[in-house]
Amino acid sequence: MIPTTGLLLGAAAVFVVLAIAVLYRAVRGPTTQDRVLAINVLGTNTVVILALLAAALDVPSFLDIALVYALLNFLVAVAISKFTVDRGGVM
Amino acid sequence: MLVSVAIVVFLAGGVFFTFVSAVGVLRLPDVYTRAHTASQTDTLGAGLTLVAVALALGLETTTIKTFLLLIFIFITNPTAAHAIARAAYEEGIEPWEETDD
Amino acid sequence: MIEYVAYALAVFVVLTAVATALLRDVLAAIVLFGAYSLGMALLYTLLLAPDVGLTEAVIGAGVTTLLLLLTIARTVRPSGDRTAERVDPRALFACGALAVVFGLTLPGLPAVGDPNAPIVSYEAVTGYYLSNSYADTGVENTVTAVLAAYRGFDTFGEATVVFGAGVATLVVLRREVLT
């Protein structure tokens, strides 16, 4: 029997490290769209980490939070994109 | 036993593709190429990992939420990347060309 | 294993917080603040406070980001080419000293899930809620039962305040748009 709990937690740790790496792009930019893109990837990572934690710790209610996150992530990405377009490149 | 092997395979695939997408977001030259890796590789990585999570949770009603999450990410992630790339284009950011550096 | 996830998350949260404070571009700082909220909510969830994590995600990453975006739509970006803000060494020293002082209080806190922590061992209050909240209210989560049932009027007052603030914001924004 393979210890899946440890594997799931390990995968969650790897995902957090990858999130820290992607953070470099969010800080450096250079354009706003680069940052939004990095945050979008970070949000997807967050959703996956939450799902992994739900499976590893056996708390299925974390999946509800993951669902809310997925919705919010999409909302924020689209909101900032529309916002910068509507401002006509001024921002 | 078979389920454990499947979980390991899907997890490894998910971590690999998410790693590829992180490298892509960090190393590719401009926002359009980065949007490309963010929409495709990252979606695949998240999808594979979520399949592994669904297998680990087993046959329960909560597993349906994992599949909802899976479907939702498969729809929204490319859409968000498309919106971001479109915003970049309408703001007049020039695509990268090989002569640039 | 789980503590490594928590440590990595703590590093992530600190990095996003520092980046938010240092970036000169307001829009970039707002975007990074969203990332900070994501990490913070994950940390709350990891420490088994999913309700706080959910609130942090909705308020921090969702509502605050949108409100700040609406705000900077009516202001200007700071000029100049520098990406990072200049740091005043005296201010940095003051902030560092404050952080150290707060950090010194950390050993006084009980460990996470400590059964001998005062809040748990004081049976008269905690024990009552733990043993009776389901029979009284029919809510499975004790924290939710206390917030939404025992302290229902308190929470109702908070919701009224939030609703009033939201309506006031909408009124102000509508006036800005019309004139």
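Lettering follows sequence order; numbering is per chain, from 1. Keep in mind it's a predicted model, so treat the numbers as computed, not measured. These values consider heavy atoms only, across backbone and side chains, with no hydrogens, waters or symmetry-generated copies.
Of the candidates A/Val17, A/Ile20, A/Val16, A/Ile20 is the only one forming a side chain to side chain contact (heavy atoms under 4.5 Å, CB included) with C/Val11.
For A/Phe74, the CZ atom is densely surrounded, since the number of other residues' heavy atoms within 6.0 Å is greater than 12.
A heavy-atom distance below 4.5 Å is not found between the side chains of A/Leu53 and C/Thr45. Between C/Val31 and A/Val76, the closest side-chain pair of non-hydrogen atoms is not below 4.5 Å.
Looking at A/Leu71, neither its backbone nor its side chain comes within 4.5 Å of chain C, counting heavy atoms on both sides. Both the backbone and the side chain of A/Ile65 have a heavy atom closer than 4.5 Å to some heavy atom of chain C. Residue C/Thr20: no heavy atom, backbone or side chain, is found under 4.5 Å from chain A. Using a 4.5 Å cut-off between heavy atoms, A/Leu9 contacts chain C through both its backbone and its side chain. The parts of C/Ala41 that come within reach of chain A are both its backbone and its side chain, each placing non-hydrogen atoms under 4.5 angstrom from that chain.
For residues 6-26 of chain A, the pairs satisfying side chain to side chain donor-acceptor pair (under 3.5 Å) are A/Tyr24-A/Arg28, with sequence neighbours left out.
Qualifying salt bridge (Lys or Arg N to Asp or Glu O under 4.0 Å) partners for C/Asp136, counting only residues two or more places apart in sequence or in other chains: none.
Heavy-atom minimum distance, A/Val27 versus C/Ala19: CG2-CB, 3.7 Å.
The CD1 atom of C/Ile30 sits 12.0 Å away from the CD1 atom of A/Ile39 when rounded to the nearest 0.5 Å.
A side-chain donor-acceptor contact under 3.5 Å links A/Tyr69 to the backbone of C/Leu38.
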